[in-house]
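Chain naming here is simple, since letters A, B, ... match the order of the sequence lines and numbering starts at 1 in each.
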Protein chains: 4
Amino acid sequence: MKIPIDVSADRAEPMYHQIEEQLRALILSGQLAEGVLLPSIREFAADLSCSVITIRRVYQDLEQEGFLRTRQGMGTFVAKVAASDRERYRRDAVYYALKAAVEVGRRINCTADEIRSMLEELLTDYGEEGGSGNGNRD
Amino acid sequence: MKIPIDVSADRAEPMYHQIEEQLRALILSGQLAEGVLLPSIREFAADLSCSVITIRRVYQDLEQEGFLRTRQGMGTFVAKVAASDRERYRRDAVYYALKAAVEVGRRINCTADEIRSMLEELLTDYGEEGGSGNGNRD
Amino acid sequence: MKIPIDVSADRAEPMYHQIEEQLRALILSGQLAEGVLLPSIREFAADLSCSVITIRRVYQDLEQEGFLRTRQGMGTFVAKVAASDRERYRRDAVYYALKAAVEVGRRINCTADEIRSMLEELLTDYGEEGGSGNGNRD
Amino acid sequence: MKIPIDVSADRAEPMYHQIEEQLRALILSGQLAEGVLLPSIREFAADLSCSVITIRRVYQDLEQEGFLRTRQGMGTFVAKVAASDRERYRRDAVYYALKAAVEVGRRINCTADEIRSMLEELLTDYGEEGGSGNGNRD
DNA sequence: GTGGTCTAGACCACC
DNA sequence: GTGGTCTAGACCACG
């Protein structure tokens, strides 16, 4: 299975972080279903042009968080995620990001309407790239 | 002058970063006006319970960005900020934070309306703490 | 013959290890007597829902340890175990496990009495499941 | 501070595991109190004759478990452990080790008395090495 | 083939 | 000085 992940060594955020974040999102959004076999660490490392160690770390961290299950000699699989976790995550992830933005706005004395209009601007082309309907395969 | 800054060594973000960010916001929002004398490095370090080295770095970075002006033997002052910078900053800071939030939403298949309603929830008590009027005092 | 073995791929311990350990215990305790024919590799693998390779390894390891004897075309049998081995094993297996427990206790400053009382608690229902009489059937 | 840890690359258990286990025990037993600064990764690695990476992994794992707190540029410290965690750990660690031993005993038909007498034998010199009185500095 | 451990060493960020 | 990230590569364990 090809995993749609986009990382760059140029960003400030460490690569393993970027990968973890995106994999977590894929699992929690249901785009990577329970039981799916992920690429082997070597294969994935080649895909993303990074070291196998970086991928191993990703898999290890996510296993510890309960999102993956790896079995020696067999590979790494997507673990079962409680529906409640999925829901909570879905809400929290966006909520806290928005909250941070609002917080910044408050600090620099933005008006609420300024914030609203910026959001609308950002949402104009939102539906076109996959965020339209359901997508949540719960 | 007492600078209203809230930092914590417990957060993941490095302290110098937290301080710089908040000082920058205070200056760009006009809450720290041009010419204001900032605390001495030692005093500020004591206030924030951090190392003088950390404050030195903050002052140095912000001076390089043009927000501060240090004069030998006299101390560190808030520099003049161009109105255009202020405006650009005001817009960019919030805009990019919002953009990040929207990006997260797209990844996990949030609908645009879900995002809008979260924002409204966050904005309910927004005006009460200083975001009411017009923060551009230039 | 149906071999009463309980393994799970979910445990941290590798499967071949779990199986070997339990088979060894069955043989040394006399529950699998000399000359008993074990299931074929394929059959056993199916029973335990694991790979034939895993079973092959188990049989191989235990044959090397002298507990099994494989005869071409006839299958794998339980070998003769010296009474002394049986005795030594009986003692060692439990002894070293207890020793490890005591070692842990020492590290975290448990008192000897705390350890004793835990053991008693664990031994309350001990006799009911097979530990009653004399297990040495040599 | 010198940390009394005893590891060996010869054992089957991975070194990072051995170290983690012993550090965890030291913290949970109160022998390493909250706030204590641990050796730097390089120093500790030299002490234990292993790679800095192994130590970094140990520190990282234990931080994730909440036992350590590491701050870039400052070092790695013992975190606050809830008294309840300490108590639970104290009991569980020994209890499960004992349980495993009893389980082995049952499998090979040991009598309860055999197990008891082995334990007593192991406990004869128990008090002499620090497990006597309290030691729990809660 | 898979993942698990460990190595030596580089370079960066922080204090 | 501290820890944080990433590298390339070796060797072992597992299925």
Side-chain angles (χ1 to χ4, degrees), chain A residues 7 9 11-20 37-45 48-61 63 68-77, chain B residues 9 12-20 45 48-58 61, chain C residues 9 11-20 41 45 48-58 61, chain D residues 7 9 11-20 37-45 48-61 63 68-77:
Chain A
V7 295
R11 290 176 219 167
E13 195 184 6
M15 291 191 55
Y16 82 96
H17 241 169
Q18 300 176 41
I19 305 173
E20 287 184 7
L37 174 63
L38 292 182
S40 80
I41 53 178
R42 304 185 216 299
E43 189 184 340
F44 210 177
L48 302 182
S49 307
C50 70
S51 161
V52 293
I53 297 200
T54 302
I55 301 298
R56 217 177 63 67
R57 172 167 187 179
V58 168
Y59 280 5
Q60 201 170 278
D61 286 356
E63 176 165 24
L68 297 182
R69 171 93 187 106
T70 124
R71 297 207 275 202
Q72 200 169 180
M74 303 193 64
T76 302
F77 304 83
Chain B
E13 196 183 4
M15 291 202 57
Y16 86 98
H17 215 175
Q18 298 177 46
I19 304 173
E20 288 185 4
L48 302 182
S49 307
C50 70
S51 160
V52 294
I53 300 184
T54 302
I55 302 296
R56 205 175 57 74
R57 173 170 186 173
V58 167
D61 287 356
Chain C
R11 291 176 215 164
E13 196 183 5
M15 291 202 56
Y16 85 98
H17 215 175
Q18 298 178 44
I19 305 172
E20 287 186 5
I41 288 185
L48 303 182
S49 308
C50 70
S51 160
V52 292
I53 300 185
T54 303
I55 301 298
R56 205 175 57 74
R57 173 168 185 174
V58 168
D61 287 357
Chain D
V7 295
R11 291 176 219 167
E13 195 184 5
M15 291 190 56
Y16 82 96
H17 241 168
Q18 300 176 41
I19 305 172
E20 287 184 8
L37 174 63
L38 292 182
S40 80
I41 54 178
R42 304 183 217 297
E43 189 184 342
F44 210 178
L48 303 182
S49 308
C50 69
S51 162
V52 293
I53 298 201
T54 302
I55 301 296
R56 219 177 62 66
R57 171 168 190 178
V58 167
Y59 281 5
Q60 200 169 281
D61 286 356
E63 176 166 24
L68 298 182
R69 170 93 187 106
T70 125
R71 295 208 277 201
Q72 201 169 180
M74 304 192 62
T76 301
F77 304 82

Atom pair distance, as rounded to whole Å: CZ in D/F44 and P in F/dT2: 14 Å
Base versus backbone protein contacts along nucleotides 5-13 of chain F [heavy-atom cut-off under 4.0 Å; B, S, -]: BBBBB---B
Atom-pair distance (CZ on C/R11; P on F/dC14), nearest Å: 16 Å
Results of side chain to side chain contact (heavy atoms under 4.5 Å, CB included) for A/I55 - residues two or more places apart only: A/I19, A/I41, A/F44, A/A45, A/L48, A/C50, A/Y59
Whole-Å gap separating C1' (F/dG15) and CZ (A/F77): 11 Å
Minimum-distance pair of heavy atoms, taken over all atoms of B/V58 and B/Y16: CG2-O, 3.7 Å
N or O in side chain of A/S40 less than 4.0 angstrom from E/dT2 OP1/OP2: yes
Watson-Crick and G-U pairing of DNA chain F written in dot-bracket, each distance under 3.5 angstrom, with | for inter-strand partners: ||||||||||||||.
Donor-acceptor contact below 3.5 Å, side chain D/Q72 vs main chain B/P14: no
Contacts of type salt bridge (Lys or Arg N to Asp or Glu O under 4.0 Å), residue A/R57, not counting sequence neighbours: A/D61
d(CD1, C/I55; P, F/dC14) in whole Å: 15 Å
Approximate separation, where rounding is to 0.5 Å, of D/H17 NE2 and D/R11 CZ: 13.5 Å
side-chain hydrogen bond (donor to acceptor under 3.5 Å, both in side chains) partners for B/R56, two or more places apart: B/Q60
Whole angstrom value for the distance that separates P of F/dG4 from CD of D/E63: 7 Å
Nearest-angstrom distance from the residue atom CZ of D/R71 to P of F/dG4: 12 Å
Interatomic spacing from CE in A/M15 to OG in A/S51 - rounded to 0.5 Å: 9.5 Å
Contact list for residues 68-77 of chain D, test salt bridge (Lys or Arg N to Asp or Glu O under 4.0 Å), sequence neighbours left out: B/D10-D/R69, B/D10-D/R71, D/E63-D/R69
For atom CE of A/M74 and atom C1' of F/dC14, their distance in whole Å: 10 Å
Exercise: identify the closest heavy-atom pair between D/V7 and D/Q18: CA-OE1, 3.4 Å
A/T70 side-chain N/O to E/dG4 phosphate OP1/OP2 under 4.0 Å: yes
